[in-house]
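Here's the structure we're looking at; comments come further down.
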Amino acid sequence: MFYIFEMANNHQGSVDHAKKIIDDFADLAKRKNIKAGVKLQFRNLDTFIHPKFKEREDLKYVKRFNDTRLSKEEFGQIVSYINEKGLYSISTPFDNESLPLFDSLQVNVLKIASCSVDDWPLLREVCKVNRKIIISTGGATIKHLRKVYDLFKKNGRDFAFLHCIAEYPTPIENAFLGRIKKLKEEFPDIEIGYSTHESPKNKSVSPYAVAMGATIVEKHVGKVTEKIALNDYSCTVEQMEKVVDEIQFYQTSFQGEFSESEALKQLKRGVFVKTDLNSGYIIRDTDLYYAMPLHEGSLDVSSIDSIVGKTLSRDIGKDDPIKLQDFVDKDRDDKLSTFKETFNGILSNAGVTVTEKDDVEISCHYGLDNFHKVGALIVSKINRTYCKKIIAMLPNQSHPTHRHLQKEECFELLEGDCILTLNGRDINLEKGKPVLINRKVNHSFKTSNGCVIEEVSTTHIKGDSIYEDPSIQSLSVDDRKIKLSL
């Protein structure tokens with residue numbers, strides 16, 4: 001989640017006042033442990049305003065820009081202060097003449113305003129700038145945004161779209177948050193955010209934008225003094241803190257996955273044998289009874305279908321509990337041996353080496369019996385602040401629809417064929433062309449002839465995968481995740 005605190009012209013043309021705003025929001029970011037930046041606006045007023053209109057006091061924006069004018073040196077002081085405070089420096093260029101400031105002042109992020117989303121002379125220069133680029137989309141049609149998308153994609157830029165309503169302030173009934181879903185569907189491989197001009201006097205809709213998948217929130221901010229008042233769509237730090245609190249409240253309630261509580265386990269019945277049974281005996285349902293409490297390490301009634309018909313590997317006394325290690329499962333062992341041999345060949349053809357330091361597991365979402373249809377072999381190479389995995393799949397195998405709440409990942413095809421589906425859009429993976437999968441974006445993948453994929457991501461976090469089919473979570477982890485030694 002990335003917060004953009006839009007200072008705009010609320011610095012009032014004063015470096016000292018700008019620093020006071022930065023102090024407020026740097027403190028907020030630190031206390032709330034959020035990733036955030038402060039945004040400025042760049043205009044070369046000597047060329048931005050037509051010569052005949054430069055001194056016009058009756059034109060609102062001309063007067064506003066002139067009254068809050070800052071020199072390059074003053075902007076440099078503010079940018080340096082933003083960076084010193086641990087925030088990202090961000091700015092919006094409104095003209096081509098302002099673009100050199102991004103390198104000379106070392107501004108971190110470039111933001112395109114809604115009024116410039118069809119400014120082709122500006123966009124064609126911006127797409128050459130090597131920065132994170134965030135583009136507001138107020139007033140632009142999806143057809144137009146596809147052209148913007150193509151321009152920045154062809155130039156290999158890291159960019160995002162922000163839903164935005166250019167109404168100041170924006171009434172709640174005009175927020176049109178449903179457009180966030182549309183943007184995510186149309187552009188599933190880039191971040192989608194929300195730039196809001198809502199009044200701080202009203203309940204914020206920003207948490208609802210985040211709930212719909214926005215991962216960037218931009219809000220105008222400022223600081224009130226005895227001489228300075230804010231416009232109707234700018235927030236004080238106190239008002240913005242309430243918005244952050246509500247967003248974080250939502251994020252806390254949204255994360256996690258289905259898990260069995262200890263209380264439920266204590267209420268489950270365990271599986272016990274009625275009589276003495278010898279090693280080699282094939283268990284029948286008439287040999288069993290069910291009672292509580294559930295013994296440590298023993299199987300409960302949810303595992304009954306995996307107990308009946310299995311062969312005992314040891315003698316079990318009357319009234320003893322049944323445990324997983326009590327069975328010989330030749331069929332399971334034979335299947336794993338076959339998969340092991342097959343995947344060794346697949347990985348070898350892709351030039352992938354697996355060492356004893358790597359963690360290898362079979363991910364079988366609907367159990368081992370269905371693994372040839374749904375699942376994948378996953379080799380975990382490293383998992384720190386970044387993570388690298390190798391994913392291998394059998395011919396005609398698929399991986400079910402899911403999303404990650406915290407992990408951002410990137411897929412690159414190493415061998416074979418693979419179709420990655422992002423929010424319903426199919427993307428054919430190609431060698432040498434990585435595809436980004438943003439947080440909270442539903443995705444699945446499948447192969448016709450088998451494939452090997454390299455996944456590079458942020459830290460892998462246990463429990464961060466949320467599957468569209470809730471029945472996947474009903475299987476035990478032992479049934480879905482099987483360790484394998486290659």
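Numbering of residues begins at 1 and proceeds along the displayed sequence.
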State whether Arg403 and Glu468 are salt-bridged, where the test is any N-O pair (Lys NZ or Arg NE/NH1/NH2 against Asp/Glu carboxylate O) under 4.0 Å. no
Is any NZ, NE, NH1 or NH2 atom of the basic residue among Lys63 and Glu55 found under 4.0 Å from an Asp or Glu carboxylate oxygen of the other? no
Just by distance, do the side chain of Thr421 and the backbone of Gly424 share a donor-acceptor pair under 3.5 Å? no
Spacing of His460 atom NE2 and Ile378 atom CD1 [to the nearest 0.5 Å]: 8.0 Å
For the pair Lys182 and Glu186, find out whether any cationic side-chain nitrogen is under 4.0 Å from an anionic carboxylate oxygen. yes
Any side-chain donor-acceptor pair under 3.5 Å between Asn438 and Thr215? no
Show the numbers, then the answer: is there a salt bridge (charged side-chain N to carboxylate O under 4.0 Å, His left out) between Asp103 and Arg131? CA-CA 10 Å; Asp103 283 334; Arg131 292 288 192 286; 3.0 Å; yes
Check the side chains of Ser89 and Asn83 for a donor-acceptor pair under 3.5 angstrom, ignoring hydrogens and angles. yes
Salt bridge or not between Lys132 and Asp158? Use side-chain N to carboxylate O under 4.0 Å. yes
Mutual orientation of the aromatic rings belonging to His220 and His197 [parallel < 30°, tilted 30-60°, perpendicular > 60°]: tilted
Specify the closest pair of heavy atoms between Ser195 and Glu218, including all atoms of both residues, with the distance to one decimal. OG-OE1, 2.5 Å
Around atom CD of Gln106, are there more than 12 heavy atoms from other residues, nucleotides or ligands closer than 6.0 Å? no
Between Phe159 and Tyr149, is the gap from one ring center to the other below 6.0 Å? yes
Between His404 and Glu409, is any side-chain donor less than 3.5 angstrom from a side-chain acceptor? yes
So does Tyr168 have more than 12 non-hydrogen atoms from other groups sitting under 6.0 Å from OH? yes
Under 3.5 Å: donor-acceptor pair, side chain of Asn349, backbone of Ile346: no
Salt bridge (Lys or Arg N to Asp or Glu O under 4.0 Å) with Glu361: which of Arg480, Lys481, Lys389? Lys481
Using a strict cut-off of less than 4.0 Å between a Lys/Arg side-chain nitrogen and an Asp/Glu carboxylate oxygen, indicate whether Glu241 and Arg31 qualify as a salt bridge. yes
Is it true that the side chains of Asn449 and Asp417 contain a donor and an acceptor less than 3.5 Å apart? yes
Which heavy atom of Val109 sits nearest a heavy atom of Phe102, and at what distance? O-CE2, 3.7 Å
Any side-chain donor paired with an acceptor under 3.5 Å for Asp16 and Ser14? no
So, Asp24 and Lys85, do they make that salt bridge, N to O below 4.0 Å? no
Electrostatic pair Lys388-Glu455, nearest N-O below 4.0 angstrom: no
Is any side-chain heavy atom of Phe94 closer than 4.5 Å to a side-chain heavy atom of Gln41? yes
Do Ser98 and Asp95 pair up side chain to side chain, a donor and an acceptor below 3.5 Å, judged on atom types alone? yes
Cation-pi check for Phe65 against Arg43: NZ or CZ below 6.0 Å from the six-membered ring centre and within 45 degrees of the axis, yes or no? yes
Where is the tightest heavy-atom contact between Cys115 and Asp118, given as atom of each residue plus distance? O-OD1, 3.7 Å
In terms of side-chain heavy atoms, does Glu125 have a donor or acceptor partner in Asn96 at a distance below 3.5 Å? no
Do any N or O atoms from the side chain of Lys32 and from the backbone of Asp27 form a donor-acceptor pair under 3.5 angstrom? no
Tell me whether Lys446 at atom NZ has more than 12 heavy atoms from other residues, nucleotides or ligands lying less than 6.0 Å away. no
Under a 4.5 Å cut-off applied to non-hydrogen side-chain atoms, are Val360 and Val354 in contact? yes
With a sphere of 6.0 Å drawn around CG of Asn33, does it hold more than 12 non-hydrogen atoms of other residues, nucleotides or ligands? no
Is the number of heavy atoms from other residues, nucleotides or ligands within 6.0 Å of OH (Tyr88) greater than 12? no
In this structure, are over 12 heavy atoms from other groups packed under 6.0 Å from Lys373 atom NZ? no
When you check the side-chain N and O atoms of Glu198 and Ser206, is any donor under 3.5 Å from an acceptor? yes
Any chance NZ of Lys54 has more than 12 other-residue heavy atoms, nucleotides or ligands included, within less than 6.0 Å? yes
Does His443 have its ring centroid less than 6.0 Å away from the ring centroid of His399? no
N-O pairing of Lys203 and Glu246 below 4.0 Å: yes
Check whether any side-chain heavy atom of Thr458 lies under 4.5 Å from a side-chain heavy atom of Thr385, and answer yes or no. no
Between Thr236 and Lys223, a side-chain donor and acceptor under 3.5 Å: no
For Glu173, is the CD atom crowded, meaning more than 12 foreign heavy atoms sit under 6.0 Å from it? yes
Between Thr68 and Asn9, do the side chains contain an N or O donor and an N or O acceptor separated by less than 3.5 Å? yes
